[in-house]
Amino acid sequence: MMNTFRQRLEQRDLLIGTLFTLPSPEIAEILSEAGFDWLWVDMEHSLLEIKDVQIIIQAVGDKCPCIVRVPSNDEVWIKKVLDIDPAGIIVPHVNSAEEVHKILQFSKYPPEGARSVGISRAQGYGMKFQDYVDHANRNVIVIPQIEHIDAIDNIESIVGVPGVSAIVVGPYDLSGSMGKLGNVSDTEVQQNIEIVKKVCLNVGLPMGIFGVDAEAVRPYIDQGYTLIAVGLDTLFLGKSAQQTIQLLRG
């Protein structure tokens with residue numbers, strides 16, 4: 001399934017996912033059965049620990065690929081997350097081509113990179129070791145997240161680094177870096193997001209973005225974004241509960 005998802009990403013099929021933040025394998029199973037193409041498992045802004053993420057990936061199984069946003073652009077975190085065998089990683093706050101080169105070094109085995117080799121879930125606890133290491137450099141999806149004005153200034157060199165699978169825009173942190181926190185519809189914020197889109201389209205790189213609901217992401221789908229994350233587990237739970245209460249109370 002990982003290969004199929006990577007192929008669909010490269011073909012720019014519309015891939016609709018959602019953010020996952022709760023340490024609950026049951027909720028992960030529910031969302032994986034709901035029809036999403038992928039789950040964005042978030043270690044940056046959640047209570048999820050590495051063991052929680054592995055259990056979530058195990059619970060979801062082959063039903064839905066999991067792409068994990070690591071807590072930071074850090075070799076140890078990238079190594080630990082890849083060893084539990086997600087479909088790939090999203091790396092937050094990437095602002096330069098130099099940072100992308102480091103991420104790819106941490107993510108790929110020699111000779112393409114310097115990823116450390118260990119016996120882990122990714123290699124079937126050793127039973128599928130050679131098959132995994134032979135194909136991991138090609139199969140593992142690596143996605144830098146663009147969410148700062150400095151990254152906008154460097155976007156052409158960032159997308160020019162070979163090995164990047166896609167680019168994900170973080171509109172909320174981008175707006176914050178511009179002194180307009182949360183105002184993602186601001187004209188200047190949207191102009192900078194447009195810069196990312198144009199550069200990615202020019203080099204044929206898939207683009208992703210997050211929005212809180214369908215209305216927030218629909219315009220981006222119309223513009224050619226294909227890796228879509230809409231809503232998150234806590235919002236789905238809270239809003240569904242609120243809507244039920246409102247219906248009953250008139």
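Just so you know, residue 1 is the first one in the sequence shown, and it goes up from there.
- By the rule that hydrophobic residues join a cluster once side-chain heavy atoms approach within less than 4.5 Å of another member, L181 and I193 end up as members of separate clusters.
- Proximity of a side-chain donor or acceptor of S175 to a complementary backbone N or O of G182 within less than 3.5 Å is detected.
- With sequence neighbours left out, D13 forms a salt bridge (charged side-chain N to carboxylate O under 4.0 Å, His left out) with R8.
- In this view, D74 satisfies the side chain to side chain donor-acceptor pair (under 3.5 Å) rule with no residue, not counting sequence neighbours.
- If you take CE on M178 and CD1 on I152, they are separated by 8.0 Å, rounding to the nearest 0.5 Å.
- In this structure, the side chain to side chain donor-acceptor pair (under 3.5 Å) partners of E26, at least two apart in sequence or on a different chain, are S24.
- Applying the side chain to side chain donor-acceptor pair (under 3.5 Å) criterion to H135, with sequence neighbours excluded, gives D131.
- Scored by the salt bridge (charged side-chain N to carboxylate O under 4.0 Å, His left out) test, R218 finds E215 as partners (sequence neighbours excluded).
- The shortest distance between side-chain heavy atoms of S177 and D150 does not fall below 4.5 Å.
- Heavy atoms of other residues, nucleotides or ligands lying less than 6.0 angstrom from NZ of K80 number 12 at most.
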Between D233 and L19, does a side chain to side chain contact (heavy atoms under 4.5 Å, CB included) hold up when you go through it step by step?
-> CA-CA 6 Å; D233 46 12; L19 258 73; 6.0 Å; no
Does the side chain to side chain contact (heavy atoms under 4.5 Å, CB included) test come out yes or no for V230 and I16, once each step is laid out?
-> CA-CA 7 Å; V230 56; I16 298 174; 3.9 Å; yes
Checking side chain to side chain contact (heavy atoms under 4.5 Å, CB included) for the pair W38/L9: CA distance, chi angles, key distance, verdict?
-> CA-CA 11 Å; W38 64 293; L9 178 66; over 6 Å; no
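- Between the Q190 side chain and the V184 main chain, a donor and an acceptor come within less than 3.5 Å of each other.
- For residues 42-56, the set of pairs meeting the salt bridge (Lys or Arg N to Asp or Glu O under 4.0 Å) definition, not counting sequence neighbours, comprises D42-R69, E44-R69.
- Proximity of a side-chain donor or acceptor of E33 to a complementary backbone N or O of I30 within less than 3.5 Å is not detected.
- We find the CG-CG distance between L39 and L232 to be 12.0 Å, quoted to the nearest 0.5 Å.
- When all heavy atoms are compared, the tightest approach of I56 to A28 is CG2-CB, 3.7 Å.
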Using residues 237-250 as the side-chain source, report each donor-acceptor pair under 3.5 Å to any protein atom, sequence neighbours left out, with the distance given to one decimal.
unit_1	atom_1	unit_2	atom_2	d
T244	OG1	S240	O	3.0

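- The two residues A151 and I146 have their closest heavy-atom pair at CB-CG2, 3.6 Å.
- The two residues N154 and N95 have their closest heavy-atom pair at ND2-O, 2.8 Å.
- The ring pair (Phe, Tyr, Trp, His ring centres under 6.0 Å) pairs that include a residue from residues 62-115 number zero, where partners must be two or more places apart or lie in different chains.
- Put simply, CD on E156 and SG on C200 are 10.5 Å apart, with the number rounded to the nearest 0.5 Å.
- Counting only distance, with no hydrogens or angles, the side chain of T18 and the backbone of A229 share no donor-acceptor pair below 3.5 Å.
- Heavy atoms only, all atoms of each residue included: P25 and A59 are closest at CB-CB, 3.6 Å.
- Counting all heavy atoms, side chain and backbone alike, S157 lies closest to A97 at O-CB, 3.6 Å.
- Of the inter-residue distances, the one linking I141 atom CD1 with I89 atom CD1 reads 10.5 Å to the nearest 0.5 angstrom.
- Here the side chains of P144 and V91 are not in contact, with every heavy-atom distance at 4.5 Å or above.
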After noting the C-alpha distance and the side-chain angles of I167 and I143, does the key distance pass the side chain to side chain contact (heavy atoms under 4.5 Å, CB included) rule?
-> CA-CA 6 Å; I167 290 292; I143 304 173; 5.7 Å; no
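- Put simply, the side chain of V159 reaches to within 4.5 Å of the side chain of I155, judged on heavy atoms.
- For E194, the side chain to side chain donor-acceptor pair (under 3.5 Å) test picks out K197, with sequence neighbours left out.
- A single hydrophobic cluster is seen to contain both I149 and V199, as judged by linkage of ILVMFWY side chains at heavy-atom distances under 4.5 Å, directly or through other members.
- Residues I221 and V196 are members of one and the same hydrophobic cluster, defined by side-chain heavy-atom contacts under 4.5 angstrom among Ile, Leu, Val, Met, Phe, Trp and Tyr.
- E10 contributes atom CD, which lies 10.0 Å from atom CG of L205 (distance to the nearest 0.5 angstrom).
- Applying the ring pair (Phe, Tyr, Trp, His ring centres under 6.0 Å) test to residues at least two apart or on different chains, the pairs with a partner in residues 204-226 are Y220-Y225.
- Residues I57 and D85 fail the side-chain proximity criterion, which asks for heavy atoms closer than 4.5 Å.
- Connection of I50 to F20 is established within a shared hydrophobic cluster, with ILVMFWY side chains joined at heavy-atom distances below 4.5 Å, either directly or through further cluster members.
- A side-chain donor from one of S120 and Q123 sits under 3.5 Å from a side-chain acceptor of the other.
- The backbone N or O of V60 sits less than 3.5 Å from a side-chain atom of K63, completing a donor-acceptor pair.
- Of the inter-residue distances, the one linking I228 atom CD1 with M207 atom CE reads 8.5 Å to the nearest 0.5 angstrom.
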Audit row: T4, Q7, side chain to side chain donor-acceptor pair (under 3.5 Å) steps and yes/no | CA-CA 5 Å; T4 301; Q7 290 162 5; 4.7 Å; no
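- A donor-acceptor pair is defined here as one N or O able to donate and one able to accept, closer than 3.5 Å; no such pair exists between the side chain of E147 and the backbone of V169.
- Heavy-atom minimum distance, A87 versus P65: CB-CB, 3.9 Å.
- Between the side chain of D186 and the main chain of V189, a donor-acceptor pair closer than 3.5 Å is present.
- By the 4.5 Å heavy-atom criterion applied to side chains, V68 and I90 are not counted as neighbours.
- Under the 4.5 Å side-chain criterion, counting only non-hydrogen atoms from C-beta, R6 is in contact with R138.
- Residues meeting the salt bridge (charged side-chain N to carboxylate O under 4.0 Å, His left out) test with D83, sequence neighbours left out: R115.
- There is no path of hydrophobic side-chain contacts, each under 4.5 Å, that joins V76 to V53.
- By the salt bridge (charged side-chain N to carboxylate O under 4.0 Å, His left out) test, D134 is found to be paired with no residue, residues two or more places apart in sequence or in another chain being considered.
- Taking the side chain as every heavy atom from C-beta outward, C64 and D37 never approach each other to under 4.5 Å.
- Annotation: side chain of I67 is not in contact with side chain of V41 (no heavy-atom distance under 4.5 Å).
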